[in-house]
Amino acid sequence: FSEKDGTLNISRELKRQLQNKGYPVILTRDQDAVIVHNARTAIANREKAKLFISIHMNSLPPDHKGPIAEGVETYILNNTTDQSSKRLAELENKGLDPTKGSDLTSQTEVNLILKDLVIDANLSESKRLACALQNHMISVTGQKNRGVKQAMFMVLLGADMPSALIEAGFVTSQKDRKLIGSEHGLR
C-alpha cells in the first residue's frame with residue numbers, strides 16, 4: 001500500500017461521487033504519473049475551477065520512536081511567513097505603491113504581493129472548505145480528528161480559488177491503511 005495508490009483511489013472515488021451529483025470534476029492525475037506541485041494549481045486555474053482539493057497521506061519517519069500517529073488532518077495555506085510580512089512592511093514603509101513598479105521594486109515583488117492578495121481573498125472560503133471536509137471525513141470514517149491547520153504547502157500556493165490539502169490518514173498506520181484500502185473507507 002503506497003500513498004500514491006491510496007490517494008489516486010480516493011481521488012477517483014471522490015470524482016465518481018461528485019459527478020453522480022452533477023458536479024464537474026477535473027483530476028490533475030488519473031493514472032500513476034508525477035505532476036509537479038505548481039502544475040496542479042496551474043491546471044485548476046486554467047480550467048477556472050471553483051475549488052482546489054489536494055489529497056495526500058501522512059507518514060512518520062522510519063526511525064520514529066513513540067506512539068503510532070493516525071487520523072485525518074486538513075490544511076489551508078498559511079502565507080503569513082515572517083519573510084513575506086517583512087517584505088510587504090518594507091515596501092509600505094518606503095511609501096511605495098505595490099501595484100506600480102519603481103526603481104525600488106521588482107516585478108517579482110509586485111507579483112508576490114498580488115498573489116498574497118488573491119490568497120487572502122480566498123482565505124475564509126478555504127477555511128470553510130477545510131472545516132467542512134475535515135468534519136465530514138471524521139463523521140463518516142470515525143478516524144482520529146487531527147484538526148484543521150495552516151501551513152505553507154507549495155501545492156496550494158498557486159491556487160486562484162479556495163483550496164485545501166487533506167492528509168487522509170497515515171501510510172504508517174495499519175488502521176488508516178486498512179480503512180483507506182477498503183471499499184467503505186474509499187466511499
Checklist entry - How far apart are the closest heavy atoms of Ile180 and Ala168, and which atoms are they? => result CD1-O, 3.1 Å
Next on the checklist: Between Asp160 (side chain only) and Asn45 (backbone N and O only), is there a donor and an acceptor less than 3.5 Å apart?
Outcome noted: no
Item to check | Hydrophobic cluster identity match, Leu133 and Tyr23, side-chain contacts under 4.5 Å | outcome: yes
Item to check | Side-chain touch Leu165/Glu167, heavy atoms, less than 4.5 angstrom | outcome: yes
Item to check | Spatial distance of atom CG (Leu129) from atom OG (Ser163) [nearest 0.5 Å] | outcome: 8.0 Å
Checklist entry - CD1/Ile43 to CZ/Arg29 distance, rounded to the nearest 0.5 angstrom? => result 11.5 Å
Checklist entry - Do any N or O atoms from the side chain of Arg40 and from the backbone of Thr28 form a donor-acceptor pair under 3.5 angstrom? => result no
Next on the checklist: My understanding is that only residues two or more places apart in sequence, or in another chain, count here; which of them pass side-chain hydrogen bond (donor to acceptor under 3.5 Å, both in side chains) with Ser54?
Outcome noted: His56
Checklist outcome for this item: Contacts of Asn135 meeting side-chain hydrogen bond (donor to acceptor under 3.5 Å, both in side chains) (sequence neighbours excluded), chain-then-number -> none
Checklist entry - Is it true that a side-chain atom of Glu70 and a backbone atom of Gln143 form a donor plus acceptor pair closer than 3.5 Å? => result no
Next on the checklist: Suppose we screen for ring-ring contact (aromatic ring centres under 6.0 Å, His included). Which residues come up paired with Phe52, at least two apart in sequence or across chains?
Outcome noted: none
Checklist entry - To the nearest 0.5 Å, how far apart are CG in Asp5 and CD1 in Ile10? => result 11.0 Å
Checklist entry - Mind checking whether Val171 and Leu8 sit in one hydrophobic cluster, side chains of I, L, V, M, F, W, Y counted as touching below 4.5 Å? => result no
Next on the checklist: Using a 3.5 Å distance criterion without hydrogens, assess whether the side chain of Asn145 forms a donor-acceptor pair with backbone atoms of Ile138.
Outcome noted: no
Checklist entry - Can you get from Phe153 to Val148 by hopping between Ile, Leu, Val, Met, Phe, Trp and Tyr side chains that sit under 4.5 Å apart? => result no
Item to check | side-chain hydrogen bond (donor to acceptor under 3.5 Å, both in side chains) partners for Thr172, two or more places apart | outcome: none
Checklist entry - When clusters are formed from ILVMFWY side-chain contacts under 4.5 Å, directly or step by step, what else is grouped with Leu60? => result Phe170
Next on the checklist: Under 4.5 Å between side-chain heavy atoms, counting indirect links through other Ile/Leu/Val/Met/Phe/Trp/Tyr residues: same cluster for Ile26 and Ile166 or not?
Outcome noted: no
Checklist outcome for this item: Rounding to 0.5 Å, atoms CG (Asn78) and CG (Leu156) come to a distance of 11.0 Å
Next on the checklist: If I compare all heavy atoms of Ala69 with all of Ser173, which pair ends up nearest, and what's the gap?
Outcome noted: O-CB, 3.4 Å
Next on the checklist: With a 4.0 Å cut-off on N to O distance, would you call Lys149 and Glu73 a salt bridge?
Outcome noted: yes
Next on the checklist: How about CD on Glu13, more than 12 heavy atoms from neighbouring residues, nucleotides or ligands closer than 6.0 Å, or not?
Outcome noted: yes
Item to check | ILVMFWY cluster, Leu186 and Leu18 together (side-chain gap under 4.5 Å) | outcome: yes
Next on the checklist: Once side-chain hydrogen bond (donor to acceptor under 3.5 Å, both in side chains) is applied, do any residues pair with Thr41, and if so which ones, sequence neighbours excluded?
Outcome noted: none
Item to check | Any side-chain heavy-atom pair of Lys15 and Gln19 under 4.5 Å | outcome: yes
Item to check | Atom CZ of Arg128 with >12 non-hydrogen neighbours under 6.0 angstrom | outcome: no
Checklist entry - So which heavy atom on Ile76 is nearest to which on Ala130, and how close? => result CG2-CB, 3.5 Å
Item to check | Sub-4.5 Å side-chain heavy-atom contact between Gln134 and Val72 | outcome: yes
Next on the checklist: Any heavy-atom pair between the side chains of Thr141 and Leu179 that's under 4.5 Å?
Outcome noted: yes
Checklist entry - Is there a side-chain contact between Lys175 and Ile68, using heavy atoms and a 4.5 Å cut-off? => result no
Next on the checklist: Nearest 0.5 angstrom please: Lys4 NZ to Asn9 CG, how far?
Outcome noted: 12.0 Å
Checklist entry - Considering residues, nucleotides and ligands other than Lys178, do more than 12 of their heavy atoms fall under 6.0 Å from its NZ? => result no
Checklist entry - Just how far is it from atom CG of Leu77 to atom CG of Leu123, taken to the nearest 0.5 Å? => result 8.5 Å
